[in-house]
Chemist: 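Questions regarding the structure given below will be posed in turn.
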Amino acid sequence: MSPDQDSVVGRDDGGLERDTMSRVTRRLMPLIVVCYLVAYIDRSNLSVAALTMNDAIGLTAAQFGLGASLFFATYVVFEVPSNVLLAKLGARRWIARIMISWGVVSGCMALVGGSHSFYLVRLFLGAAEAGFTPGVIWYLTRWFPAGHRGRAMGRFYVGAALATVIGSPLSGLVMKMDGVLDTPGWKWLFVVEAVPAVLLGFIVLKSLTDAPEDAAWLPERNRRWLTGRLAQERAEMAGQRAVSVRQALTSPGVLLLALFFFLYSFDSIGLTLWMPQVIQGGFGDPSDFVTTLLTAVPYALAVVAMVIVARSVDRRGKHALHMAVPMAVSGVLLVASVAAGPGVAGFALLALSTGAAWAAVPALWGSATAFMTGVAAAAGVAFINAFANVAGLAVTPLIGVIKDATGSFDAPLLVIAGAMLLGAVVAVVSGRFTTPGRLAAETARADGPDAAPVTVRPGS
C-alpha cells in the first residue's frame, strides 16, 4: 500500500468511509440483487411447475426428487473450476456468461416430455449456472471491507428470499396462461422466466466493474480510500503470505463451514424445492395460486431476519454465534410445526423456522471471507458452496422417497430439523478455526520453522 493510501485510510473520520460505501452499495448492489433474484427464480420455479407438470409428463414424487437433484450433480462438479476461472478472467465477463447460458437452458425446460428429458435438462442447467453464487460472493469481497461485508452478503441473499416472495406468486400468475396458444401453463412458466436471465447477462457485461481501481464512476478520493482499506485488510489477513488453493480447500475452517452450509441447505434447497407441495399436502388443500401466495410467506420472514442479523454481524462480529443461534431456533420451530400438525399454527411455525434458518447466511459468508484472500478465497468460497449443493443432490430425492413411503411430509421435515440442530453445533465449533489470519498461520506452520511469523487476530 502506498503512503498516500495509508494516509487516506489512517485519517478517515468515518465520513469518507460512509460516503464511499454508500456510493459502492448504490452502484453495485441493486443489479447484483436483481441478478440473484432471477437466478433463484429460475432455480426454484420448478417447485411451482411441479404442481401440474408432474402429472402432465408422468413423474412420481421420487422421479421429481431425482430430477430436481440432478441439477446439483453438475453444479457441484463445475463449481470450483468456474470460480477459479472467474478470478482469473474477471467477474464481469464470467458472470455475464453464466447468466446468458443458464437463461437459455432454463427455457429448454419447456421442452421436457418425460423423466429422461427432464433429467437431461436439469443436468445441463446445473453446469450452466455453476459458479454464479460463489462468484458473486468473491466479487463482493473485492469491494466491501470486512466491517461492511455482513450487510453486503445479507443484501445479496435477500435476492434469493425475494425470489420466492415475488417469484412464487408471479409463477402462479404465469401458470394461469395455461392453454394460451395451446401450451400448458407450466411450459409458459419456464419460457417467460428464462428471458430476464439472458437480458441481465448483457446488462452485467456492460455495467459491472471488476475492481475498485477500475471504477471511473468513483471519485478519486473515495477510490483511494477503498483500495487502501482493502489492501490493508488483505495484508493483515494474510500476513503478506500467499495461500494456495490446495491449502485453502484442506483448511479445517473451510471444511467446517462447508459442512455447516451443507446442513443449512437441507432447508434452503431441500425444503424450498418442495415447499409448495408441503403446503398443499400438509396444510389443507389450497388452490395452486393460493399455494404460491402461501409459499411466499416464509421467505418474506427470511428477508426481515437476514437484514436484522446482517446488521448485527457488522456491529458485533461473532460470526459463529450469529450462525448457531438462527439454526438452533429453526430446528426447534420445525419440530414444533410437525407437532402442531395441519392448520394455522403448524404453517406459522414452519414459516418462522424457514426465516430463522436463512438468517444464518450473512454470518457464514462474513466468516468465510474473513480468513481467506485472493484466488484461494475464490476457490474456498466455491468449495463451501459446492459442498452445500450436495444437499440438493442427496436431500431432494430423499424427501420424495420418504414422502412416497409414508404418505406424509412429517418425517422429511423432522430430518431437516435434525440438520438445523446439528448445523448449530458445527457453527460453534467452526468459530475456533475461522479467526482472521488463521489460514495464513496454518500455512506458516506447515512451511516449517523458517517461515515468517503470522499474527492471528481474535474474534470470529
Side-chain angles (χ1 to χ4, degrees), residues 42-76 105-127 164 168 171-172 174-175 178 183-191 193 265-292 294-295 334 338 342 350 389-419:
D42 280 352
R43 181 186 292 192
S44 61
N45 59 12
L46 179 67
S47 65
V48 175
L51 295 173
T52 58
M53 179 189 74
N54 287 5
D55 286 340
I57 64 175
L59 295 182
T60 66
Q63 287 174 326
F64 170 79
L66 174 59
S69 73
L70 288 176
F71 168 94
F72 301 100
T74 46
Y75 190 95
V76 167
V105 177
S106 181
C108 290
M109 279 293 299
L111 303 177
V112 302
S115 60
H116 292 97
S117 56
F118 176 51
Y119 298 157
L120 183 63
V121 176
R122 291 292 293 176
L123 285 168
F124 277 112
L125 185 59
T164 307
S168 189
S171 296
V174 175
M175 291 276 280
D178 187 57
T183 302
W186 63 268
K187 291 192 175 188
W188 279 115
L189 177 61
F190 289 121
V191 172
E193 294 187 350
S265 295
F266 277 52
D267 187 294
S268 68
I269 296 175
L271 184 54
T272 297
L273 285 172
W274 286 95
M275 184 69 83
Q277 295 179 72
V278 169
I279 291 172
Q280 206 167 66
F283 300 99
D285 188 24
S287 68
D288 290 350
F289 183 65
V290 171
T291 297
T292 62
L294 292 174
T295 299
L334 195 51
V338 173
L350 173 69
N389 282 284
V390 175
L393 188 60
V395 177
T396 310
L398 178 63
I399 291 174
V401 170
I402 297 175
K403 164 62 167 59
D404 281 345
T406 64
S408 167
F409 282 106
D410 286 354
L413 291 178
L414 290 175
V415 170
I416 295 169

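We're numbering straight along the sequence, starting at 1.
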Chemist: Which residues pass the side chain to side chain donor-acceptor pair (under 3.5 Å) test with Ser265, sequence neighbours left out?
Modeler: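 If we apply the side chain to side chain donor-acceptor pair (under 3.5 Å) test to Ser265, skipping adjacent residues, there are no hits.
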
Chemist: Do Trp186 and Met175 touch side chain to side chain, with heavy atoms closer than 4.5 Å?
Modeler: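 Yes, close enough: below the 4.5 Å cut-off.
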
Chemist: Does the side chain of Val415 come within less than 4.5 Å of Val395's, by heavy atoms?
Modeler: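 They are not in side-chain contact.
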
Chemist: Kindly list each side-chain donor-acceptor pair under 3.5 angstrom involving residues 109-122, sequence neighbours excluded, with atom names and distances?
Modeler:
| from | atom 1 | to | atom 2 | distance (Å) |
| --- | --- | --- | --- | --- |
| Ser117 | OG | Gly113 | N | 2.9 |
| Ser117 | OG | Gly114 | N | 3.3 |
| Ser117 | OG | Gly114 | O | 3.2 |
| Arg122 | NE | Gly67 | O | 3.4 |
| Arg122 | NH2 | Ala68 | O | 3.0 |

Chemist: How long is the straight-line distance from CG of Leu123 back to CZ of Phe72, given to the nearest 0.5 Å?
Modeler: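 Between atom CZ of Phe72 and atom CG of Leu123 there are 12.0 Å.
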
Chemist: Could you tell me which non-hydrogen atom of Leu413 sits nearest to which non-hydrogen atom of Leu334, and how far apart they are?
Modeler: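 Shortest heavy-atom separation between Leu413 and Leu334 comes out as O-CD2, 3.3 Å.
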
Chemist: Distance-only, no hydrogens or angles: does the Thr74 side chain make a donor-acceptor pair with backbone N or O of Phe124 under 3.5 Å?
Modeler: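 No.
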
Chemist: Please find the pair of heavy atoms, one from Val191 and one from Gly107, that lie closest to each other, and give the distance.
Modeler: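 Heavy atoms only, the tightest pair is CG2-O, 4.3 Å.
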
Chemist: Please find the pair of heavy atoms, one from Ile402 and one from Ala411, that lie closest to each other, and give the distance.
Modeler: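 Closest pair (atom of Ile402, atom of Ala411, distance): CG2-CB, 3.7 Å.
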
Chemist: Going by atom types only, do Ser106 and Glu193 share a side-chain donor-acceptor pair under 3.5 Å?
Modeler: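 No, Glu193 and Ser106 have no side-chain donor paired with an acceptor closer than 3.5 Å.
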
Chemist: For the residue pair Gly172 and Val48, what are the closest heavy atoms and their distance?
Modeler: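 Looking at all heavy atoms of both residues, the shortest contact is N-CG1, 4.4 Å.
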
Chemist: Compare every heavy atom of Phe64 with every heavy atom of Leu46, then report the nearest pair and how far apart it is.
Modeler: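 Of all heavy-atom pairs spanning Leu46 and Phe64, the closest is CG-CE1, 3.6 Å.
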
Chemist: Measure the spacing between OG1 of Thr52 and CG of Leu189 and express it to the nearest 0.5 Å.
Modeler: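 The distance works out to 8.5 Å.
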
Chemist: Going from CG on Asp267 to CD1 on Ile416, what distance comes out if it is rounded to the nearest 0.5 angstrom?
Modeler: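 Rounded to the nearest 0.5 Å, the CG-CD1 separation comes out at 6.5 Å.
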
Chemist: What pair of heavy atoms forms the shortest contact from Ala49 to Phe190, and how long is it?
Modeler: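 That would be CB-CZ, 3.6 Å.
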
